[in-house]
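Contents: one structure, followed by commentary.
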Amino acid sequence: MLVAERNRLTQVLSKPIRKELTASIGSLERRLGQLDDELEQRIKKSDLWQRTRDLIQSVPGVGKLTSFMLIAELPELGQSDRRHLASLVGVAPFARDSDQLRGKRMIGGGRGAVRSALYMAALTASRYNPALRPFYQRLLARGASKKAALVAVIRKLLGILNAIVRDRTPWRPPCPVPK
């Protein structure tokens with residue numbers, strides 16, 4: 001709703017309507033802030049959720065909203081293997097071969113809200129995470145499309161997050177490879 005109201009504000013010329021839209025945007029922003037604070041308080045009440053959040057946010061590219069989404073919508077994190085989690089989230093490549101179509105793999109299904117949150121985290125991680133950035137660039141250099149490479153980054157990020165939560169160890173940057 002907030003994005004829709006902001007978009008609507010850019011199109012409106014009438015001052016009274018702009019004033020109403022600005023008030024509506026302010027109200028939505030305040031409510032969103034209240035919800036964030038409420039989520040934060042609920043996480044702080046649980047030692048397990050707080051430790052899990054801290055572990056998840058230790059990974060470069062993963063922020064507060066992604067950690068909220070993973071805690072709320074993916075309780076299997078840290079308890080399943082990475083392939084099962086990729087399937088649950090909807091980023092596992094599935095063959096849909098027929099007589100005419102072969103070789104191209106598709107993703108889909110799963111928990112869309114989690115997939116969207118991980119997509120944004122992977123987008124950031126593909127630029128700033130010292131482990132995922134070279135992985136993403138390697139895939140692009142091999143000829144993968146940007147979207148396919150980003151989905152591969154999501155799968156890898158999900159595997160990293162799963163291992164971190166399972167082992168209860170925070171993110172450690174990869175060791176530099178000697179040349």
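Being a predicted model, the structure only gives us computed values, none of them experimental. Residues take their numbers from the sequence shown, with the count starting at 1.
Looking at every heavy atom in both residues, Ile71 comes nearest to Arg53 through CD1-CB, 3.7 Å. What you find for Lys64 and Gln57 is that their closest heavy atoms are CA-NE2, 3.1 Å. For the pair Ser14 and Pro16, the tightest heavy-atom approach, listed with the atom from each and the gap, is OG-CD, 3.2 Å. Summarising the geometry of Ile154 relative to Ala122, their closest heavy-atom pair is CG1-CB, 3.5 Å, with the distance given to 0.1 Å. Contact detail for Ala121 and Leu157: the closest heavy-atom pair is CB-CD2, 3.9 Å.
Heavy atoms of other residues, nucleotides or ligands lying less than 6.0 angstrom from CZ of Arg172 number 12 at most. Shown here is Glu20, whose CD atom has no more than 12 heavy atoms of other residues, nucleotides or ligands within 6.0 Å.
Taken to the nearest 0.5 Å, the NZ atom of Lys44 stands 9.0 Å off from the CG atom of Asp37. Atoms CZ and CZ, from Arg155 and Arg82 in turn, are 9.5 Å apart once rounded to the nearest 0.5 Å. Atoms CZ and OG, on Arg6 and Ser24 in that order, are 11.0 Å from each other to the nearest 0.5 Å. Rounding to the nearest 0.5 Å gives a distance of 9.5 Å between CD of Gln79 and CG of Leu85.
Here Glu73 pairs with nothing under the salt bridge (Lys or Arg N to Asp or Glu O under 4.0 Å) rule; sequence neighbours left out. Take Arg42 and apply the salt bridge (Lys or Arg N to Asp or Glu O under 4.0 Å) test, not counting sequence neighbours, and it matches Glu38. For Arg111, the salt bridge (Lys or Arg N to Asp or Glu O under 4.0 Å) partners at least two apart in sequence or on another chain are Glu76.
Using a 4.5 Å heavy-atom cutoff, the side chains of Ile43 and Phe68 are in contact. The closest side-chain heavy-atom distance from Asn129 to Val62 is not below 4.5 Å. Between Thr66 and Met120, every side-chain heavy-atom pair lies at or beyond the 4.5 Å cut-off. Annotation: side chain of Leu55 is not in contact with side chain of Thr169 (no heavy-atom distance under 4.5 Å). The closest side-chain heavy-atom distance from Lys156 to Tyr136 is not below 4.5 Å. Between Tyr128 and Arg133, the closest side-chain pair of non-hydrogen atoms is not below 4.5 Å. Side-chain atoms of Trp171 and Pro130, non-hydrogen and from C-beta on, do get closer than 4.5 Å to each other. For the pair Leu150 and Leu139, the minimum side-chain heavy-atom distance is 4.5 Å or more.
Taking a 4.5 Å side-chain heavy-atom cut-off between Ile, Leu, Val, Met, Phe, Trp and Tyr, the cluster of Leu35 contains only that residue. Here Met1 sits in one hydrophobic cluster together with Leu2, Leu9, Val12, Ile17, Leu21, Ile25, Leu28, Leu32; the rule is ILVMFWY side chains under 4.5 Å apart, joined directly or through other members.
Without hydrogens or angle criteria, Ser27 side chain to Ala23 main chain gives no donor-acceptor distance under 3.5 Å. The backbone N or O of His84 lies less than 3.5 Å from no partner atom in the side chain of Ser87, so there is not a single donor-acceptor pair.
Each of Leu158, Leu88, Val89 was compared with Arg115 under the side-chain contact (heavy atoms from CB on, under 4.5 Å) criterion, and only Val89 meets it.
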Please set out all donor-acceptor pairs under 3.5 angstrom arising from side-chain atoms of residues 160-167, sequence neighbours excluded.
residue	atom	partner	partner atom	Å
Asn162	OD1	Gly78	N	2.5
Asn162	ND2	Ser80	O	2.7

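A salt bridge does not link Glu40 with Lys45: every distance from a Lys NZ or Arg NE/NH1/NH2 to an Asp or Glu carboxylate oxygen is 4.0 Å or more.
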Intermediate values then yes/no, side-chain contact (heavy atoms from CB on, under 4.5 Å), Leu77 and Thr52 = CA-CA 10 Å; Leu77 190 66; Thr52 303; 5.5 Å; no
